[in-house]
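Notes for the one structure printed next.
Sequence lines set the chain letters: A, B, ... in the order given, protein chains first and strands last, and positions in each chain run from 1. We use all heavy atoms of the structure for the numbers below, so side chains are in, but hydrogens, waters and symmetry mates are not.
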Amino acid sequence: MRPRRLLWAIGVAGVLLGTAVAVLIAVSDIVDDHASNIMAALLIGGSFLGIGLYAWGTRPRNRIGPLMVAVGFAWMLGMLQCSDLALPFTIGLLMSPSAFAIVLHLLLAYPTGRLGSGAARAVVALGYVDVIAGSLAYAMLARNPDGIENAPRNLLLVEDAPGAADAVLTAVTVLGLVAIVSGALLLVARWRAASTPRRRTLAPLLWTGALLLAFAAVMLAADIAGSEDLEDGFSVFSVFLLTAAPYAYLAGLMSSGWARGRTMGDLVSGLNAADARPGVRDALAEALGDPTLAVAFKRHDRDEWVDADGRRIELPADRAVTEISRDGELIGALVHGRALADDPVLRRAVADTAALALENERLQAELRARVAELQESRANIISFGLAERRRLERDLHDGAQQRLVALSLQVNLARAKIDDDPATAAALLDTARDELAQALDELRELARGIHPAILTDQGLGPAVSALAERSPVPVEIGPLPDQRLPSPVEAAAYFVVSEALANVAKYAGATHATVRVAREDDRAVVEVVDDGVGGADPAQGTGLRGLAERVAALDGRLEIVSPTGCGTVVRADLPCASS
Amino acid sequence: MAVTVLIVDDHPSFRATARLLLEVEGYDVVGEARDGAEAIELAERLRPDLVLLDVSLPDIDGFEVAARLTERANGASAGGPAVILTSSRDPSDFGPLVQESGARGFIPKAELSGATLAALLG
């Protein structure tokens, strides 16, 4: 059945039951004051039923509505004990205390409809067991329940035992008192723990409920003490409070809109006053009465959350998270206690109001994150530069310098031999010439590693072609950009290709590689793909790490996909403003 | 009798050239070592008069090798080898290390000749 229809059906059933109860009381011989009993049945029952249905309709997932409807039905069924017919009378006898147990449940479950703690569940269970078992036991033992004269036949009666029935009644009353007092204490504790906006919502029903429980407790105590006067006096008040309870809830429903308005007002003025950095968070925490509230910002350049200082954070799994979007883009999140999560309307309103202020803070947080990254990247570039210089010194020392030393010695020797032993001198000079040629080769290679001349003079295309020609593994060249790129981008792209091809030759065991450089809007994407053994780990080789630094220095990203056995893809994504 | 020499250097082209040069100058090159460990082992076995020792070796640093070779010589009655350090770097790059190593002296590689060696050996 669709929810709306269900509500209508329950409403119609309630009206039918109310009519039946009113008629049965009107024709009953066992009550003196027909009018006030009918009034009590219809006013209290009808109020709970009507307002319960309204609450159910407006907040379908909140159990307060169904609970109020249940109170309404239980109350009207309980009033059937005014009837002088056996069946309605017996039903009324059984049901009359149950409304109080449901009211206790309702108060403790307010405003979410859920019983928050084990203690609350225990108190509610005690209430239900007390009224169900108690009234059943009492009905089985009392011929004239509650001392009603000329009562109709009690269909549940097993044996008339007035003494035992009184004992049951006392036990039921004492247990009921225990449940009510414990429930009242829980309500007080709840009030003390509640946040400011929460109190605004709790106030109307909680105060009515607390008073109701207090009066009910006094009544039950008076019952035990046998003070009829006190009992009668207080019962008038408690009927009044019971009637007031659903209206208090209605007021609560209405005022939660008003409380939201207050919260939003606080928030807006707090946000306007918040020009310093912790301002927005503090304004939110204060307006929502949640001092633990934290704000997380979504970086827009990557899938990452940061705090106001730009430090990377993870969203906690054990707290409620409200995402905040602006113009359809997720910009941040509020991390808060569960209490706020109970009011989705307020949450949404807060999120929407905070969006603008948070957008500004997010830019600052992102800026801080970027600064931190740049500092780190600058340090990396410096250490990378130092390592590069050490490598160059080593290469020069081990390569060209050694050859030139040998060359110098050979020339000395040849000079010493040239008169006595011209043949040996000529052989020495031949060796020296080879040594010189090799020294030149090594110097050339080294210079190319520092910055290849062909790249400066001819651009990326010819430079990449030259790399491909020198590669021992056949390289196919895919599309390359036909226009020059900014020179730092060209250099980074060249070294990505150079290092990747060197790795292909050294480690990949590949038969074939492909190089591609594509200009995509304001980015250049460099890709080197091979069909080798894969398994390349950027954390291992200094070459790939150095490349990552070089690429990061341009704000680009280096990606290496190298599943074992499936080849390697080295892809660099380099931003390049139009050259 | 010719002075016996052990050449220690990790670059084969330098070892070959130095051998040629020293042999022309009348020295007897009895062995070549590629690193510090091999140098110590061969010096022990061949007992050369002179060890021409490169400063930059792949395993043990040349100064350390020099210290070990000369330390052993001081304790032994027969007398150890004279150690002469060499490098393609300038001696000023090494500060006081040459002095402290126990070596007889230092010759830049490009200046290696019988005459420079003889001058240091005295």
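Other residues, nucleotides and ligands contribute over 12 non-hydrogen atoms within 6.0 Å of the CZ atom of R19(B). A 6.0 Å sphere centred on CZ of F94(B) holds more than 12 heavy atoms belonging to other residues, nucleotides or ligands. Within 6.0 Å of CZ in R557(A) there are 12 or fewer heavy atoms belonging to other residues, nucleotides or ligands. Heavy-atom neighbours of R89(B) CZ from other residues, nucleotides or ligands within 6.0 Å: above the threshold of 12. Atom CZ of R312(A) is surrounded by 12 or fewer heavy atoms from other residues, nucleotides or ligands within 6.0 Å. Other residues, nucleotides and ligands place no more than 12 heavy atoms under 6.0 Å from the CD atom of Q99(B).
A110(B) and V405(A) make their closest contact through N-CG1, 4.0 Å (heavy atoms, listed as atom of the first residue, atom of the second, distance).
Neither the backbone nor the side chain of S113(B) comes within contact range of chain A; no heavy atom of the residue lies under 4.5 Å from a heavy atom of that chain.
The residue among H397(A), R403(A), Q410(A), E435(A) with the most heavy atom pairs within less than 4.5 Å of chain B is H397(A). Chain B forms more heavy-atom pairs under 4.5 Å with one residue of L409(A), T431(A), D421(A), N412(A) than with any other, namely L409(A).
Residues Q401(A) and K109(B) are not in side-chain contact: their nearest non-hydrogen atoms beyond the backbone lie 4.5 Å or more apart.
With 3.5 Å as the limit, one finds no donor-acceptor pair spanning the side chains of S13(B) and Q402(A).
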Inset, instruction - Report the C-alpha separation of L428(A) and L20(B) in whole Å, then their side-chain angles, then the decisive distance to 0.1 Å, and conclude whether the side chain to side chain contact (heavy atoms under 4.5 Å, CB included) test is met. - result: CA-CA 10 Å; L428(A) 277 167; L20(B) 193 62; 3.2 Å; yes

